[in-house]
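What follows is a set of notes on a single structure, which appears directly below.
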Amino acid sequence: MCPDIRLADGSSRSIIDLVIPPDADPGLVHNNSATGKLRYEFDHVFDANATQEELYNMVAKEKILGVLEGFSCTVFAYGQTGSGKTHTIFGGENYAERGLIPRTLGTLFTELRLKKSRTPAFTYKCQISFTEIYKEVVYDLLDPNRTSTVREEWTPVQLLDSANGLVLKNLNVFDVENEEQALQLFFMGNNCRLTTSTAMNAVSSRSHAIFTVLLESEGIKTDQTIYTSSKVNLVDLAGSERMYKVRCPESPSCAP
Amino acid sequence: VLIWYVQMSNTKGMIKEAKSINLSLHFLEQVIISLRDQTLHAKQASGPPPSPHPGDPIGSGSRSGRGFFVPYRNSVLTNMLRDSLGGNCRSCFVLAITPETVHFEESVATCRFGQRCGEVKVEITANSEVGLSDQLKELTSKVRGLEKQLTGIEDDRRRLSVELTKERELRIRQTQSRALTAQEQVACKACVQELLAVAKESILITSTSTGTPAEAEGRAKAQEIIEASQDKLFETVEAMDKSVLVELSTALGGLVQSMFIDRETTKARIAAEEKQRRQAAEEAQALANREKRDADQILSGNFNQLESSAILPEVLKQMVLKGAIFIKYSRLGMKDVRNISISEDLAHMTWRPLVSSGKAKSEKESGSHPLQFFDR
């Protein structure tokens, strides 16, 4: 834990204090120079030791359970380059460090299986799509007809407005029955993302990735047939940073 | 990692990439700010005003005429995730920051962005609906229940309105059911007296015209009865209940009124008849006087002094048309005075004895005869 960020756990919400370094840009912190720190309040603050599981349980689990009742949900990962967005959403090297997407799929299908075993009349339809926005162009990471590995040659997904809302043309949506199929699609898309960017390793944070799960279900609740439709979006935003800092080779903490 | 950046940032493509990333993140932030302004505005309308945020870019949440304009269409990212950002969707942001002093400004920017995201509030509902057949079943049963309820309410209403009417009548009767006050008794007695006076008067009025002695006797008896009934009526008034009085007055109202009106008209009619009769008598008297004078004049041979006739032929004709006095000499030389007149079409002549000479002695003294010799 670096000394310039302090976590102050509140009772219901969490507070983070950013201690202003002495050489900070005065324009940024002019209002808070008296206290010497910037205070922000969030629903929850995790420290560097927090595990993926803790984060998932706190951030997404309740919302994912709500998806089965028909509530849509979206999780964004936002932050500067190298701060761990992709790690949060996609996960790390091993099973314990898997990120929000595989955990979400795990929860969803476990719950769906449970529901199915409880009420046999319960049926569902689960669809998955995986897209990426690179330089203001949407690409389908799961396009099966793709032949080229050069991103510029991919067929872009077109956004069309219609009476019923946004229509995504050229986007493939895959029906999945179980967790394995879903994870397979996820890894496939993730691989595409990485393999197409071998030229520069950090390109993963140079595009916005959107993993979407569409869920439609039909169940019986107190003698009534109930239809639900909901959507989960898991978004890995590209890293934001200032150009001047990137260009600054003299920065003392530039070592990887 | 950052060394990589440094090397790559020198290429043109890298700069372009970074530009598009920062631009789309900027537009995302703008959308969040617009949504937050919307939330704060909604809160302001109902709750306390929000605290100002000095760090906000000016004019970021532009207001259009009807509400807040959210600039979703500025970038592909926000356009694609439109439903997730401001629509019917639970959204959460996981913010990643680096605990290094060199990235302090980015950390501040990230936290500030997160803070703004946290201030956005959207209403969410579950996208679930009941199957149509079940909905139909449920609604049908609901409608049936409501119909039943409605019929019950209708019945209740009818029953209650009947009860209400009864109750109202009862209350009116109760408030009026009491003995008469002294004042009311006096008024009632006066009323009775007046009525009796009217009745008596009407008997008197009718009795002015002549009738048989039996009839006169009947009237006298009726008057006696009326006089006797006054005491009895007074007793009744003293014992009378207010409600009875009210009912009685409404029932008798028309009758009494018509009685009074009748009395007035009868009085007027009788007075008019009396006047007419007197006038007729006077006229008859004047005519008799005139004829008597004329007859005397004629008998004494003084034709020039006649009041009721003239000597000129036309005048004579006019006179005869009106009726003039002539002397008829009988075969025995007896003089009979006759009033002779000719009908207006000069076709008939009538004669009659003078008014003053009393009753006709015989049929011959009056009669009519068709005239054929006159040149009309």
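Note that the structure is predicted; figures quoted are calculated from it, not measured. Numbers restart at 1 for each chain; the letters A, B, ... are given by sequence-line order, proteins then strands. All values below were derived from every heavy atom in this structure, side-chain atoms included, with hydrogens, water molecules and symmetry-related copies excluded.
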Pair Glu129(B)-Ile226(A), side chain to side chain contact (heavy atoms under 4.5 Å, CB included): steps then yes or no
CA-CA 5 Å; Glu129(B) 60 183 49; Ile226(A) 292 181; over 6 Å; no
From [X] atom [atom1] to [Y] atom [atom2], the distance as rounded to the nearest 0.5 Å:
X         : Y         : atom1 : atom2 : value
His208(A) : Ser20(B)  : NE2   : OG    : 6.5 Å
Ile133(A) : Ser75(B)  : CD1   : OG    : 7.0 Å
Leu77(B)  : Ser207(A) : CG    : OG    : 11.0 Å
Ser107(B) : Tyr40(A)  : OG    : OH    : 10.0 Å
Met58(A)  : Cys92(B)  : CE    : SG    : 12.0 Å
Arg39(A)  : Gln115(B) : CZ    : CD    : 11.0 Å

Which heavy atom of Arg90(B) sits nearest to which heavy atom of Lys63(A), and what is that distance?
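Residues Arg90(B) and Lys63(A), closest heavy atoms: NH1-CA, 3.9 Å.
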Select, from Ser217(A), Ala60(A), Ser72(A), Gly79(A), the one with the greatest count of heavy-atom pairs under 4.5 Å involving chain B.
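Max contact count across the listed options: Ser72(A).
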For the interface with chain B, which of Gly84(A), Ser230(A), Gly70(A) has the highest count of heavy-atom pairs at distances below 4.5 Å?
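That would be Gly70(A).
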Most heavy-atom pairs under 4.5 angstrom with chain A, which of [options]?
options                                  : value
Gln135(B), Arg82(B), Lys137(B), Met80(B) : Met80(B)
Asp83(B), Leu132(B), Thr125(B), Leu23(B) : Thr125(B)
Leu28(B), Leu81(B), Leu85(B)             : Leu81(B)

Should Ser84(B) and Thr74(A) be marked as a side chain to side chain donor-acceptor pair (under 3.5 Å) after you check the CA-CA gap, both sets of side-chain angles, and the distance that decides it?
CA-CA 6 Å; Ser84(B) 305; Thr74(A) 303; 2.9 Å; yes
Contact between [X] and [Y] at the side-chain level, heavy atoms closer than 4.5 Å - yes or no?
X         : Y         : value
Phe42(A)  : Leu95(B)  : yes
Phe71(A)  : Ile124(B) : yes
Ile97(B)  : Ile16(A)  : yes
Asp161(A) : Arg73(B)  : yes

Checking [X] against chain B: side chain, backbone, both or neither under 4.5 Å from a heavy atom?
X         : answer
Glu136(A) : both
Thr212(A) : neither
Ser229(A) : both
Ile220(A) : neither
Leu168(A) : side chain
Val235(A) : side chain

Would you please say whether a donor-acceptor pair under 3.5 Å links the side chains of Glu138(B) and Gln224(A)?
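Per modelled atom types, Glu138(B) and Gln224(A) side chains form a pair under 3.5 Å.
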Is a donor from one side chain sitting under 3.5 angstrom from an acceptor on the other, for Thr225(A) and Asp134(B)?
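Yes - a donor-acceptor pair under 3.5 Å links their side chains.
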Does Glu97(A), at its CD atom, have more than 12 non-hydrogen atoms belonging to other residues, nucleotides or ligands within less than 6.0 Å?
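Atom CD in Glu97(A) is crowded, with more than 12 foreign heavy atoms closer than 6.0 Å.
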Output field: ring centroids Tyr78(A)/Phe93(B) closer than 6.0 Å
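No.
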Which answer fits Ser133(B), side chain, backbone, both or neither, if we ask what part of it has an atom under 4.5 Å from a heavy atom of chain A?
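Interface part for Ser133(B): neither.
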For Asn79(B), is it the side chain, the backbone, both, or neither that has a heavy atom closer than 4.5 Å to a heavy atom of chain A?
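Both the backbone and the side chain of Asn79(B) come within 4.5 Å of chain A.
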Side chain to side chain contact (heavy atoms under 4.5 Å, CB included) between Val137(A) and Val76(B), worked out:
CA-CA 7 Å; Val137(A) 182; Val76(B) 175; over 6 Å; no
